[in-house]
Amino acid sequence: MVGFALLRFTQPTIEMVGYGGVHLPKISPMAYQVDSYSFQGKRTLIRVDFNVPLNEQFVVTDDTRIRAALKTIKRVSDDGGRVILMSHLGRPKGGPEAKYSLRHVLSRLTELLGRPVAFAEDCIGDTVKTAVDTMQNGDVLLLENLRFYKEEEAGDEFFAGQIAENGDVYINDAFGTAHRAHASTAVIARFFPTDKLFGYLMEDEVQSIDRVLNSTAKPVTAIIGGSKVSSKITILENLLNRVDNVIIGGGMAYTFFKALGGVTGNSLVEDDKLELAKSLLEKAREKGVNIYLPEDSIIADAFSNDAQRTSSESRGIPSGWMGLDIGAQSIARFTEVILKSKVVLWNGPMGVFEMPNFSQGTIAVAQALATATKEGAFTLVGGGDSVAAINQFGLAEQVSYVSTGGGAMLEALEGIDLPGIAAIKA
Ligand code: AMP
């Protein structure tokens, strides 16, 4: 321990415990749209998200998104449908660019699917029509990058109609772009008033978010972490209408402590968000939502894994020191709340988890989620860094669901109706 006196403040009344009746979760078995549709002989346009990273030799370096689409592709193909896959890749400037060709994805897709995949040099027009006309039932065809046409991102209806000409049925399985009103993700659905469906991946994502935001099993706990309050305001506001408990961790917690009159040293604080933090706490109180802040922190004298470190009350961090992780008491408290929950959402790390010396809080939360899942809770991990963290700790298989869509997931949690989802539901 370094020698300094801990500053003490009156305990704010922000933690309220006690949940009334605790009942078992009711997570109904999933009925997927694609399971009850007959694809036999149908030209099936599937919007997938094959926007995968490539190395300098144009080899796929992370095939997670391809693997995530396989189940839907196989279902349609096995059912005798003619699978026509479409996606974007990278950010071409509105015309063909060899480096963004979806041809780069072909060999990995073929390998993972375990069956041949044909390639069309375009995504609309005669090239596609000719390729589709020669397809047999069960065949798979991959179209060229949709974003080689600027009309894709513009949500152009005529372009959407040109794509639609090659399909009898449309499936959207691209959750990662569900928050975009692009031609192939939303507008195209108008051309298939009755034959439009979610793929397995999309349906898993939609149902997972629904299970959190509209859960009948209670208590529901949201764990929100990460660096800044400013990027999570709308999410927090929406969640206050939906959940019973909000656990706040990561750098953003210090803005709350400062707003409550605490001293936060050199910790990350957004001084222009202090009033907002106060009003969020007030709203939570009005709505009867329990807010849990990390009462203690692991603090460091520099933003470095090798910095000197010790623990401190989070509302009394001395000058020259900064909170980089939640402390042991907070870990115990958060774990207790998580284990009492029937539904848990986790978005954002509890500390600077990229540095091993400040990763304990995030690891503990990931482990608590895994335990809660084992005990029957529904647990959803979403948003860039918490997904990276759960993967890094090897616990992704031990939670109920890990979302594949960063931006789309965050917008859904903010309460925004995602165009790609609304178009199928309409
Ligand atoms: P976000 O993108 O807002 O979800 O924030 C994720 C980032 O927040 C990660 O890179 C973490 O290292 C960082 N982070 C978490 N806790 C802290 C903290 N106490 N101080 C500074 N950065 C943090």
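Remember, it's 1-based here, ligands and their atoms both numbered in the order they're listed. For clarity, every value in this text was computed on a predicted model and none was experimentally measured.
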### Query
If only atom types and distance count, is the side chain of Asp156 paired as donor or acceptor with the main-chain N or O of Phe159 below 3.5 Å?
yes
List the atom pairs, with distances to 0.1 Å, where a side-chain N or O of residues 409-426 and a protein N or O form a donor-acceptor pair under 3.5 Å, not counting sequence neighbours.
none

### Query
Does a side-chain N-to-carboxylate-O contact under 4.0 Å join Lys278 and Glu275?
yes
### Query
Is Met350 close to Ile223 at the side-chain level, that is, under 4.5 Å between some pair of heavy atoms?
yes
For ligand 1, list every N/O pair with the protein closer than 3.5 Å, one pair per line with the distance.
from	atom 1	to	atom 2	distance (Å)
ligand 1	3 (O)	Ser227	N	3.2
ligand 1	3 (O)	Ser227	OG	3.0
ligand 1	4 (O)	Lys232	NZ	3.2
ligand 1	5 (O)	Ser227	N	3.0
ligand 1	5 (O)	Ser227	OG	3.4
ligand 1	8 (O)	Ser227	N	3.3
ligand 1	10 (O)	Glu354	OE2	2.5
ligand 1	12 (O)	Glu354	OE1	2.6
ligand 1	12 (O)	Glu354	OE2	3.3
ligand 1	16 (N)	Gly251	N	3.1
ligand 1	19 (N)	Gly251	N	3.4
ligand 1	19 (N)	Gly323	O	2.9

#### Entry: Minimum side-chain heavy-atom gap His182-Arg147 below 4.5 Å
yes
### Message
Strictly below 4.0 Å, N to O, side chains only: are Lys232 and Glu270 in salt-bridge contact?
### Response
no
